[in-house]
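Following: one structure in structure tokens, then a few remarks.
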Amino acid sequence: MTTARRDTYTPETLLTVAVQVFNERGYDGTSMEHLSKAAGISKSSIYHHVAGKEELLRRAVSRALDGLFAVLAEPGAVRGRAVDRVEYVTRRTVEVLVGELPYVTLLLRVRGNTLTERWALERRREFDHRVADLLKAAAADGDLRSDVDTRLATRLLFGMVNSLVEWYRPHSGGDRDQLADAVVRMAFGGLRTDR
């Protein structure tokens, strides 16, 4: 029976199990023994696919980061008025978060204790700065309220979006488009000027 499972195990399915265990136990609290038990395979079988748990972490947070950075290259994020672009990026960020929920959850929980975690935190900051730049441009265009500090607006926006990992579950009702619409309406209904 173990042989059949080992024969059908892939790096992708192993990554799925690892992300689940990392999210449940925390990365630091997860051992290779925990991963092998959760996967139902031996530790040596895991090493057949990856060098160790940090490689699994790198693959997982890369998947989340790649999804987020891909949004910044989409036409809706690079063309048009800054306020429309930042709304687009916000909407798509919610969609990526929902679509890659376990991976984004893990990304948001890294603390910087390993080289991979520090790399992931730096990439997250880079993403945050790019969105903050869009908010600043929208404010400079006069499309966002001038009485709200851009840095504060950026933090509040990310706080709202990132909090979804704590309570959103796909089976909890509502689809990701409705969720993305609600986030954009709530955030930008209070930030946009009445032009």
Side-chain angles (χ1 to χ4, degrees), residues 19-20 22-24 26-28 57 60-74 76-78 81-114 116-194:
V19 169
Q20 180 181 351
F22 291 158
N23 281 333
E24 289 171 359
Y27 177 74
D28 291 335
L57 177 66
V61 296
S62 291
R63 181 166 163 169
L65 287 162
D66 290 350
L68 292 171
F69 275 92
V71 168
L72 296 176
E74 292 173 1
V78 295
R81 292 188 67 79
V83 71
D84 296 329
R85 294 183 335 205
V86 76
E87 281 188 16
Y88 176 86
V89 168
T90 301
R91 178 180 314 282
R92 289 288 295 122
T93 298
V94 171
E95 292 170 355
V96 168
L97 185 146
V98 170
E100 300 289 350
L101 187 62
Y103 297 89
V104 176
T105 300
L106 181 60
L107 172 64
L108 294 175
R109 291 181 178 165
V110 298
R111 298 291 172 242
N113 297 329
T114 68
T116 296
E117 289 178 294
R118 287 187 292 278
W119 169 82
L121 288 172
E122 185 58 36
R123 293 286 287 156
R124 266 184 60 198
R125 279 191 289 276
E126 181 184 342
F127 180 83
D128 293 355
H129 290 309
R130 302 251 320 256
V131 176
D133 289 344
L134 281 175
L135 280 167
K136 287 176 193 167
D141 290 343
D143 291 327
L144 297 182
R145 294 170 41 166
S146 61
D147 63 335
V148 177
D149 179 70
T150 307
R151 288 176 301 174
L152 176 60
T154 302
R155 287 179 178 236
L156 291 172
L157 180 62
F158 284 123
M160 182 176 12
V161 171
N162 293 344
S163 74
L164 297 175
V165 302
E166 299 304 327
W167 61 266
Y168 177 78
R169 297 297 171 262
H171 57 275
S172 65
D175 65 18
R176 75 181 187 184
D177 292 336
Q178 291 174 328
L179 183 60
D181 288 344
V183 168
V184 169
R185 273 195 315 275
M186 294 293 292
F188 292 95
L191 287 172
R192 272 191 181 258
T193 57
D194 293 331

Query - Main-chain N/O of Asn23 paired to Arg109 side chain as donor or acceptor, under 3.5 Å - result: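 Flag set: sc Arg109 to bb Asn23 pair under 3.5 Å.
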Minimum heavy-atom distance [X]-[Y], with the two atoms named:
X	Y	result
Ala77	Tyr88	N-CD2, 3.5 Å
Val161	Leu97	O-CD1, 3.5 Å
Val148	Ala153	CG1-CB, 4.0 Å
Pro102	Val19	O-CG1, 3.5 Å
Arg81	Asp143	NH2-OD2, 2.6 Å
Leu57	Val110	CD1-CG1, 4.3 Å

Using 0.5 Å steps for rounding, measure from the [atom1] atom of [X] to the [atom2] atom of [Y].
X	Y	atom1	atom2	value
Met186	Met160	CE	CE	6.5 Å
Leu121	Arg111	CG	CZ	8.0 Å
Tyr103	Leu108	OH	CG	15.0 Å
Glu87	Leu157	CD	CG	10.0 Å
Tyr27	Asn113	OH	CG	10.0 Å

Query raised in the report: Looking at Asp84, Leu135, Leu72, which hits side chain to side chain contact (heavy atoms under 4.5 Å, CB included) with Val89?
Result: Leu72
Does the side chain of [X] reach to within under 4.5 Å of the side chain of [Y], using non-hydrogen atoms?
X	Y	value
Arg155	Arg151	no
Asp66	Arg63	no
Leu65	Phe127	no
Leu164	Val104	no
Phe158	Thr93	no
Thr154	Asp128	no

Query - More than 12 heavy atoms of other groups within 6.0 Å of Arg118 CZ - result: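 Enclosed: over 12 neighbouring heavy atoms sit under 6.0 Å from CZ of Arg118.
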Query raised in the report: In this structure, are over 12 heavy atoms from other groups packed under 6.0 Å from Arg125 atom CZ?
Result: yes
Query - side chain to side chain contact (heavy atoms under 4.5 Å, CB included) evaluation trace for Glu95 with Asp177 - result: CA-CA 7 Å; Glu95 292 170 355; Asp177 292 336; 3.4 Å; yes
Query raised in the report: Is it true that Arg124 and Glu117 have a side-chain N and a carboxylate O under 4.0 angstrom from each other?
Result: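 No.
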